[in-house]
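Residue numbering restarts at 1 for every chain, and letters A, B, ... go by the order of the sequence lines.
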There are 2 protein chains.
Amino acid sequence: MPDAQDMLFRTLADPTRRSLFERLCREGEQTVVALTAGAGVSQPAVSKHLGVLKAAGLVADRPEGRLTHYRARRGALAPLVDWTSRMAGFWESRFDELEDLLARMDQ
Amino acid sequence: MPDAQDMLFRTLADPTRRSLFERLCREGEQTVVALTAGAGVSQPAVSKHLGVLKAAGLVADRPEGRLTHYRARRGALAPLVDWTSRMAGFWESRFDELEDLLARMDQ
DNA sequence: TATTCCCATAACCATAGGGTTATGAATTGG
DNA sequence: CCAATTCATAACCCTATGGTTATGGGAATA
């Protein structure tokens with residue numbers, strides 16, 4: 001399961017993928033065409049990235065007719081917060097409560 | 001200067017590198033031989049990873065005779081916390097104060 | 001029904017980068 | 001002074017992966 005951590009880091013390492021996730025966080029649910037516009041890469045590339053993000057649990061999709069809406073799952077960031085807090089040395093800090101909060105944000 | 005954020009994510013994406021950083025965070029200053037023991041890869045590989053970590057500002061080295069001591073620079077994690085907080089949507093939260101704290105932890 | 005649109009998959013290519021061994025410079029110890 | 005140790009660099013290899021174009025299936029629209 002702490003393999004989820006590795007998955008998260010690897011997934012977020014790519015700038016295009018991070019940018020897609022950022023857009024979904026900021027602007028909410030989007031279709032693939034909408035995301036492709038301004039992504040700087042082709043539609044198949046966007047689809048592939050969305051697939052990776054989905055496999056990491058960072059996004060969820062909602063098929064609707066011929067469209068597919070994607071949305072961010074912020075709660076999936078919890079392991080990242082967890083790792084950072086451990087590395088920073090704040091074992092007993094407020095991070096813990098924040099992590100719980102993120103875990104429950106799964107929507 | 002390439003984006004510090006991007007550099008951080010890319011640097012921490014590799015599990016071997018993350019493991020080295022974790023050890024430096026937990027166990028404090030270490031020489032290269034010490035880090036190589038238990039790293040699971042060769043000494044040149046460790047040296048290369050340490051070079052990448054250093055370029056990202058995540059570690060600092062202290063040459064002493066024929067030994068080189070490496071230590072973690074936890075403050076370099078600040079952009080990671082920053083990004084996570086922005087994505088999670090806690091702009092006005094305790095993250096801010098934590099980020100300041102990390103910024104001042106630069107040692 | 002025919003056409004257009006959205007999206008995913010397949011097949012392929014090129015590069016980044018993480019691993020190795022070989023080597024050498026610098027330092028310390030016998 | 002010679003040997004051993006520490007570390008970084010060089011020169012490779014090989015795989016993972018991010019990009020592309022081509023294609024096709026399902027859904028809306030004319």
Which protein N or O atoms sit under 3.5 Å from an N or O of nucleotides 26-30 of chain D?
none

Taking only residues at least two apart or on different chains, which pairs with a member in [range] satisfy salt bridge (charged side-chain N to carboxylate O under 4.0 Å, His left out)?
range	value
residues 27-36 of chain A	A:R23-A:E27, A:E29-A:R62
residues 32-41 of chain B	none
residues 37-51 of chain B	none

Tell me every residue that passes side-chain contact (heavy atoms from CB on, under 4.5 Å) with [X], counting only those two or more places apart in sequence or in another chain.
X	result
A:S19	none
B:T31	B:V33, B:A34, B:L67, B:H69
A:A55	A:M7

**OP:** Please find the earliest and latest nucleotides of DNA chain C, in the 5' to 3' direction, that have an atom within less than 4.0 Å of any heavy atom of chain B.
**Re:**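 Boundary nucleotides touching chain B, in 5' to 3' order, are C:dG17 to C:dT28.
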Original post:
Which distance, rounded to the nearest 0.5 Å, do you find between the CG of B:L80 and the OG1 of A:T84?
Top reply: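 Going from the CG atom of B:L80 to the OG1 atom of A:T84 covers 4.5 Å.
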Original post:
Quick one: do A:D82 and A:R86 make a salt bridge, cutoff under 4.0 Å?
Top reply: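 Between A:R86 and A:D82 there is a salt bridge, with a charged N closer than 4.0 Å to a carboxylate O.
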Subject >> Where A:A88 and B:L77 come nearest, the two heavy atoms and their spacing >> reply: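 The answer is N-CD1, 4.5 Å.
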Original post:
Which heavy-atom pair separates A:Y70 from A:V32 by the least distance, and what is that distance?
Top reply: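 Shortest heavy-atom contact: CE1-CG2, 3.7 Å.
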Original post:
Given atom CZ of A:R10 and atom P of D:dT15, what is their separation to the nearest angstrom?
Top reply: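 The answer, rounded to whole Å, is 17 Å.
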Original post:
Does A:R17 have any salt bridge (Lys or Arg N to Asp or Glu O under 4.0 Å) partners at least two apart in sequence or in another chain, and if so, which?
Top reply: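 Checked A:R17 against salt bridge (Lys or Arg N to Asp or Glu O under 4.0 Å); zero matches.
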**OP:** Go through residues 29-44 of chain B and report each residue with a non-hydrogen atom lying under 4.0 Å from DNA chain D, sorted by number.
**Re:**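 Result for residues 29-44 of chain B: B:T31, B:V32, B:V33, B:Q43, B:P44, sorted by number.
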Original post:
Does anything in residues 45-55 of chain B reach DNA chain C, meaning a heavy atom under 4.0 Å, and if so which residues?
Top reply: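 Under 4.0 Å from DNA chain C: B:A45, B:K48, B:H49.
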**OP:** Could you name each residue pair satisfying side-chain hydrogen bond (donor to acceptor under 3.5 Å, both in side chains) that touches residues 34-45 of chain B, not counting sequence neighbours?
**Re:**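 Listed once each, the pairs are B:Q43-B:S47.
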